[in-house]
Amino acid sequence: MKQKWLAKEAELNKATITRVTSSDEYTPNLRTIKKILQALRKIDPNVKQDDFWTM
């Protein structure tokens with residue numbers, strides 16, 4: 001999957017997706033997490049927040 005696809009499907013800026021995918025230090029806000037998870041669930045309905053972030 002490409003960052004461009006995820007940015008489009010999640011309706012987020014590509015810079016946000018780049019930051020999420022390239023920095024272990026960065027934790028997005030809950031709104032951004034929800035958008036990313038909704039987009040990823042189009043591919044895998046079983047994707048969970050815990051697969052990527054621990055809160």
In residues 33-42, what donor-acceptor pairs under 3.5 Å come from side-chain atoms, sequence neighbours left out?
| unit_1 | atom_1 | unit_2 | atom_2 | d |
| --- | --- | --- | --- | --- |
| Arg41 | NE | Val47 | O | 2.9 |
| Arg41 | NH2 | Val47 | O | 3.0 |
| Lys42 | NZ | Glu9 | OE1 | 2.6 |

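- Under the 4.5 Å side-chain criterion, counting only non-hydrogen atoms from C-beta, Trp5 is not in contact with Ile17.
- Listed by chain and residue number, Glu25, Tyr26 satisfy the side-chain contact (heavy atoms from CB on, under 4.5 Å) test with Ser23 (two or more places apart in sequence, or in another chain).
- With hydrogens and angles ignored, the 3.5 Å screen pairs no side-chain donor or acceptor of Thr16 with any backbone N or O of Leu12.
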Between Val20 and Trp53, is the side-chain contact (heavy atoms from CB on, under 4.5 Å) condition met? List the steps. CA-CA 10 Å; Val20 167; Trp53 301 281; 3.7 Å; yes

